[in-house]
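Taking it in order: structure first as structure tokens, then the write-up.
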Amino acid sequence: MLIIGGGCAGMTTAARLQQLLRTELRSGDTEITVVEPQPYLTYQPLLAEVAAGSIDPRHVVVPLRRALPDCRVLTARVTRIDHATKRAWVDAAPRGELRLPTEIPYDVLVVAPGAVSRTVPVPGLAEHGLGFGTVGEAVSLRNHVLEQLDLASTTRDPELRQAALTFVFVGAGYAGVGALAELEDMARYAVKGFHNLTTDDLRWVLVEATDRILPEESVELAAHTLAQLRDRAVDVRLSTKLESAADRLMVLSDGSRFAARTLVWTAGVRPAPVLRLTDLPLDAESRVPCLPTLQVATADGTVLPDAWAAGDCAAVPDPTRDGDPCAPNAQHALAQAALLAENLVAVLTGRPLTEYRPGPAACSTSLGLRKAVAHTRSGNRVTGRRAWWLHRARHLRRLPSTDRRIRVLTDWLLGGLFSREVVTLGAVEHPRAEFEAGFTENRIPGARPES
């Protein structure tokens with residue numbers, strides 16, 4: 001069995017298969033290979049708390065080899081999949097290096113590479129924008145925000161100061177709202193350590209192209225969240241688009257123009273580009289069409305033999321949305337993956353398959369320390385501290401590693417006992433900078449040579 005992707009869907013599928021086929025795996029009758037460019041799973045719903053410093057970055061990643069001891073894990077990129085001949089090619093070389101791809105034959109294919117950020121050709125976005133889909137991006141954003149506070153406190157240029165204290169987030173889904181709210185809460189605490197900065201100096205702008213935030217939430221809960229953000233002086237621009245960010249000048253479709261040194265792009269996701277390197281059928285959104293059983297469907301709606309898919313890259317019918325595909329979120333990915341593994345084993349043993357029936361939505365987002373919004377499986381709306389505890393309990397339970405659950409819980413407990421850590425470690429992103437500077441300083445004209 002070949003599993004493409006080691007995210008929530010891919011790792012959960014492999015872990016469940018590992019349980020169901022333990023005897024076959026240890027006897028050598030069955031082999032599971034997982035191909036993922038990173039050697040770990042990133043639990044993205046907790047990235048906002050990583051950016052705010054509430055959780056150690058290492059604690060939201062799950063090492064794949066430790067979690068999947070009975071599987072073969074390849075840290076590599078897929079370069080091609082030919083399902084007609086049941087062969088795949090992977091490349092383990094670092095990007096930019098040329099290496100002959102390795103061919104991997106398989107009997108059963110599971111496609112779960114997830115999704116990547118959906119970007120648009122906005123001038124200046126590629127040069128100045130920051131993503132928010134990986135641990136590295138979350139840590140980098142935290143360091144960047146704290147560096148802007150340092151810059152604003154030090155500079156005597158009023159225009160530079162204002163630009164440094166202006167933070168723009170584009171996209172008001174869970175990722176955008178959660179990241180902005182957590183960082184705003186962190187920055188509000190951090191400015192207490194600056195003698196010449198106040199919370200009133202900070203400007204937070206949330207830009208959303210549609211007429212509401214949190215599209216997956218109920219209208220009432222989304223409206224409540226919007227009111228909370230505006231009560232915290234967040235400038236929420238609905239039905240507005242970012243038209244340009246050239247030279248760090250933000251130009252919005254409502255006519256606004258202002259300078260900002262922080263631009264975070266969280267405007268949705270699209271299926272992983274690796275799907276275009278396969279001969280699998282794709283729909284208009286470049287997702288893999290699936291039957292409710294998680295089997296890949298052909299153009300005429302029949303089963304494509306020995307091909308399965310789950311997670312953000314899969315177009316799985318959601319009966320609660322009149323048959324439209326399930327929304328790309330961790331709740332669906334985890335549930336689909338577990339069912340996929342059980343259905344795959346059912347096919348091998350000749351048992352009937354089960355269709356995916358998503359449970360009641362149980363979504364939530366943190367808005368900072370002791371602040372959150374959520375709704376329960378019974379449909380009730382929960383806000384404030386109660387929602388915050390519910391949000392944390394849900395994701396602690398969903399985090400696919402007992403070791404990581406304990407570590408994250410410890411982070412939260414220590415965070416409740418001590419004050420926030422608001423020191424920037426931006427230098428770790430460029431560890432050779434100081435070393436290289438030593439060579440540069442020796443070449444400065446007029447400088448005395450070292451003895």
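Positions are given from 1, in the same order as the sequence printed here. The figures here come from the full heavy-atom set of this structure, side chains too, leaving out hydrogens, waters and symmetry mates. It should be emphasised that the depicted structure is a prediction, and the values quoted were computed from it without experimental measurement.
No side-chain heavy atom of Leu249 sits under 4.5 Å from any side-chain heavy atom of Ser244. For the pair Asp235 and Arg237, the minimum side-chain heavy-atom distance is below 4.5 Å. With contacts defined as side-chain heavy-atom distances shorter than 4.5 Å, the pair Asn143/Leu141 does not qualify. Using a 4.5 Å heavy-atom cutoff, the side chains of Ile213 and Leu229 are in contact. Between Phe132 and Leu180 there is no side-chain heavy-atom pair separated by less than 4.5 Å. Looking only at side-chain heavy atoms (C-beta outward), Met11 and Val62 come within less than 4.5 Å of each other. Within the 4.5 Å cutoff, side-chain heavy atoms of Val303 are placed close to those of Leu291. Contact check for Val108 versus Leu2: no side-chain heavy atoms found under the 4.5 Å cut-off.
Counted by atom type alone, His224 and Glu220 present zero donor-acceptor pairs between their side chains at under 3.5 Å. A donor and an acceptor atom, one from each side chain of Thr402 and Arg405, are located under 3.5 Å apart. Residues Thr85 and Asp82 bring a donor and an acceptor atom of their side chains to less than 3.5 Å of each other. For the 3.5 Å distance criterion, the side chains of Asp318 and Thr320 qualify, holding a donor opposite an acceptor.
No donor-acceptor distance shorter than 3.5 angstrom exists from the side chain of Thr166 to the backbone of Ala260, with no hydrogens or angles considered. Remark: the backbone N or O of Thr240 is not paired with any side-chain donor or acceptor of Asp254 at under 3.5 angstrom. The backbone N or O of Cys8 lies less than 3.5 Å from a partner atom in the side chain of Thr12, making a donor-acceptor pair. A donor-acceptor contact shorter than 3.5 Å links the side chain of Gln44 to the backbone of Gly133. Judged by distance alone, the side chain of Asp211 and the main-chain N or O of Ser239 form no donor-acceptor pair under 3.5 Å. Not one N or O on the side chain of Glu103 forms a donor-acceptor pair closer than 3.5 Å with the backbone of Trp89. Asn329 places a side-chain N or O within 3.5 Å of a backbone atom of His332 that can act as its donor or acceptor partner. Between the side chain of Gln336 and the backbone N or O of Gly311 there is at least one donor-acceptor pair closer than 3.5 Å. Looking only at distances, a side-chain donor or acceptor of Asp185 sits under 3.5 Å from a matching main-chain atom of Leu369. The main-chain N or O of Val61 is found under 3.5 Å from a side-chain atom of Arg404 such that the two form a donor-acceptor pair.
In this structure, the separation between CZ on Arg261 and CZ on Arg248 is 4.5 Å, given to the nearest 0.5 Å. Annotation: the span from Arg142 atom CZ to Leu183 atom CG amounts to 8.5 Å, rounded to 0.5 Å. Between the OG1 atom in Thr349 and the CG atom in Leu20 there is a gap of 9.5 Å [rounded to 0.5 Å]. Interatomic distance, CD1 of Ile3 versus CG of Leu344, reported as 8.5 Å (0.5 Å rounding). Here the straight-line distance linking atom SG of Cys290 with atom CH2 of Trp308 works out to 10.0 Å at 0.5 Å rounding. The distance from the CD1 atom of Ile81 to the CZ atom of Arg87 is 12.5 Å, given to the nearest 0.5 Å.
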I would like to know whether Asp300 and Thr302 meet side-chain hydrogen bond (donor to acceptor under 3.5 Å, both in side chains); could you show each step before the answer? CA-CA 6 Å; Asp300 59 3; Thr302 59; 2.8 Å; yes

Assess the residue pair Glu342 and Arg16 against the criterion (salt bridge (charged side-chain N to carboxylate O under 4.0 Å, His left out)); give the C-alpha distance rounded to whole Å, side-chain angles, the decisive distance to 0.1 Å, and a yes or no. CA-CA 8 Å; Glu342 293 168 3; Arg16 185 61 178 144; 3.3 Å; yes

Going through the distances and angles, do Arg26 and Asp70 end up as a salt bridge (charged side-chain N to carboxylate O under 4.0 Å, His left out)? CA-CA 7 Å; Arg26 294 185 175 177; Asp70 295 326; 3.7 Å; yes

What verdict does the salt bridge (charged side-chain N to carboxylate O under 4.0 Å, His left out) test give for Arg357 and Glu355, after you've listed the backbone C-alpha separation in whole Å, the side-chain angles of each residue and the deciding distance to 0.1 Å? CA-CA 6 Å; Arg357 291 283 185 266; Glu355 294 188 349; 3.0 Å; yes

Going through the distances and angles, do Ile406 and Val408 end up as a side chain to side chain contact (heavy atoms under 4.5 Å, CB included)? CA-CA 6 Å; Ile406 295 172; Val408 168; over 6 Å; no

Please test Lys241 against Val251 for side chain to side chain contact (heavy atoms under 4.5 Å, CB included), starting from the C-alpha separation and ending with a verdict. CA-CA 9 Å; Lys241 296 181 180 180; Val251 180; over 6 Å; no

Show the numbers, then the answer: is there a salt bridge (charged side-chain N to carboxylate O under 4.0 Å, His left out) between Arg407 and Asp56? CA-CA 9 Å; Arg407 291 177 185 271; Asp56 187 299; over 6 Å; no

Side chain to side chain contact (heavy atoms under 4.5 Å, CB included) between Val219 and Arg212, intermediate numbers included: CA-CA 8 Å; Val219 175; Arg212 56 169 293 189; 3.7 Å; yes

Go through the steps to decide whether Thr210 and Leu238 satisfy the test side chain to side chain contact (heavy atoms under 4.5 Å, CB included), and finish with yes or no. CA-CA 6 Å; Thr210 66; Leu238 300 179; over 6 Å; no

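Annotation: salt bridge (Lys or Arg N to Asp or Glu O under 4.0 Å) contacts of Glu49 (sequence neighbours excluded): Arg392. Every salt bridge (Lys or Arg N to Asp or Glu O under 4.0 Å) that Arg188 has, sequence neighbours left out, goes to Glu184.
A 6.0 Å sphere centred on CH2 of Trp389 holds no more than 12 heavy atoms belonging to other residues, nucleotides or ligands. Within 6.0 Å of the CZ atom in Arg386, the count of heavy atoms belonging to other residues, nucleotides or ligands does not exceed 12. Crowding of Arg22 atom CZ: a count of heavy atoms from other residues, nucleotides or ligands under 6.0 Å exceeding 12.
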In a table with atom names and distances, give each donor-acceptor pair under 3.5 Å that connects a side chain of residues 262-279 to protein atoms at least two apart or in another chain.
from, atom 1, to, atom 2, distance (Å)
Thr262, OG1, His144, NE2, 2.8
Trp265, NE1, Arg118, O, 2.7
Thr266, OG1, Val170, O, 3.0
Thr266, OG1, Gly171, O, 3.0
Thr278, OG1, Leu275, O, 2.8
Thr278, OG1, Leu280, N, 3.2
Asp279, OD1, His83, N, 2.9
Asp279, OD2, His83, N, 3.1
Asp279, OD2, Ala84, N, 3.1

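Pro281 and Leu304 get closest at one heavy-atom pair: CD-CD2, 4.0 Å. Scanning all heavy atoms of the two residues, the minimum distance from Gly173 to Pro215 falls at CA-CD, 4.3 Å. Residues Ser27 and Asp29 come closest through the heavy atom pair OG-OD2, 3.1 Å.
Checked options Val34, Leu64, Ile104; the residue passing with Leu74 is Ile104 (criterion: side chain to side chain contact (heavy atoms under 4.5 Å, CB included)).
Ring geometry, Trp204 versus Phe167: the interplanar angle falls under 30°, so the pair is classed parallel (tilted spans 30 to 60°).
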